[in-house]
Amino acid sequence: MRTEARLFAGVALFFLATFVVYAVYSTDPAGKAALAVSFLMASLISFFLYTQYRRKGTRPEDRGDAEILERSGPVDFFPARSAWPSMTALGSVLCALGVVYGLWLFLIGFGVLGAGVGGFAFQYAHRGE
């Protein structure tokens, strides 16, 4: 992930340089805030990727002499079917309708949405045991 960390560090430096030039020549506070947040988000992603690189080491993608076969094998576990996407979609729709029709419907939708997201996150939590 070293390559990705460097890529996002370059993006962060671009936003920092743009922010400095924009701050000198502009009086618009919204543009300054947007560029500052963009710099911080790119820096956060770069820091995360660099931390993962330090924690897990070099991947085949990080080496120039790597072969495609080094990365072959199972990618991940993908479930055949799940009820949680439907529940999450229903919760999202109820939240959106709650904005129009009232707080009571929004709160119901938020509860359904929370249950759906929680189900997504924990449906296969004990799969490896």
Side-chain angles (χ1 to χ4, degrees):
M1 291 188 200
R2 181 181 66 208
T3 305
E4 293 92 342
R6 287 182 180 171
L7 177 71
F8 275 99
V11 170
L13 289 175
F14 169 77
F15 280 124
L16 179 64
T18 307
F19 171 75
V20 169
V21 171
Y22 193 83
V24 169
Y25 292 110
S26 176
T27 59
D28 178 32
K32 292 176 191 176
L35 288 171
V37 168
S38 299
F39 164 70
L40 291 173
M41 289 296 148
S43 299
L44 179 69
I45 293 170
S46 177
F47 175 74
F48 171 76
L49 291 172
Y50 183 72
T51 303
Q52 292 300 315
Y53 165 70
R54 295 281 308 237
R55 190 177 295 167
K56 295 182 179 180
T58 304
R59 300 176 306 163
E61 292 91 341
D62 293 329
R63 296 192 335 258
D65 63 339
E67 294 291 327
I68 294 174
L69 291 174
E70 293 181 45
R71 198 61 169 161
S72 64
V75 177
D76 205 352
F77 169 74
F78 300 103
R81 55 184 131 335
S82 175
W84 300 115
S86 301
M87 182 175 260
T88 304
L90 177 66
S92 299
V93 168
L94 287 175
C95 281
L97 288 174
V99 171
V100 175
Y101 290 113
L103 181 63
W104 64 273
L105 188 58
F106 179 80
L107 292 175
I108 292 171
F110 191 74
V112 173
L113 180 65
V117 170
F120 258 134
F122 297 113
Q123 74 177 343
Y124 294 108
H126 301 291
R127 183 178 63 88
E129 295 175 2

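The figures here come from the full heavy-atom set of this structure, side chains too, leaving out hydrogens, waters and symmetry mates.
In this structure, CE on Met87 lies 10.5 Å from CG on Leu94, to the nearest 0.5 angstrom. Summarising the geometry, atom CG belonging to Leu40 is positioned 11.5 Å from atom CD1 belonging to Ile45; distances are rounded to the nearest 0.5 Å. Between atom OG1 of residue Thr18 and atom CG of residue Leu13 there is a gap of 10.5 Å, rounded to the nearest 0.5 Å. Atoms CG and CD1, from Leu97 and Ile108 in turn, are 11.5 Å apart once rounded to the nearest 0.5 Å.
Scanning all heavy atoms of the two residues, the minimum distance from Ala12 to Phe39 falls at O-CD1, 3.1 Å. Among all heavy-atom pairs drawn from Cys95 and Gly109, the shortest one is SG-C, 3.4 Å. A pairwise comparison of heavy atoms in Ala42 and Val11 identifies CB-CG1, 4.0 Å as the closest pair. Between Ala5 and Ser46, the shortest heavy-atom contact is O-OG, 3.0 Å. The two residues Leu49 and Phe8 come nearest to each other via the heavy atoms CD1-CD1, 3.8 Å.
Annotation: side chain to side chain donor-acceptor pair (under 3.5 Å) contacts involving residues 82-94, sequence neighbours excluded, comprise Ser82-Gln123, Trp84-Gln123.
When hydrophobic clusters are built by joining Ile, Leu, Val, Met, Phe, Trp and Tyr residues whose side-chain heavy atoms come closer than 4.5 Å, directly or via intermediates, Val100 is grouped together with Leu90. The hydrophobic cluster containing Val93 also contains Val112, counting ILVMFWY residues as joined when their side-chain heavy atoms lie under 4.5 angstrom apart, directly or transitively. Cluster membership for Leu105 and Val99, using ILVMFWY side-chain heavy atoms within less than 4.5 angstrom, is not shared.
The hydrophobic cluster around Val21 extends to Val24, Tyr25, counting ILVMFWY residues whose side-chain heavy atoms fall within less than 4.5 Å of a member.
Atom CZ of Phe47 sits in a sparse spot, with 12 or fewer heavy atoms from other residues, nucleotides or ligands closer than 6.0 Å.
Ser38 contributes a side-chain N or O that, together with a main-chain N or O of Ala34, makes up a donor-acceptor pair within less than 3.5 Å.
Taking the six-membered ring where tryptophan is involved, the planes of Phe106 and Phe110 are essentially parallel, since the angle between them stays under 30° and well short of 60°.
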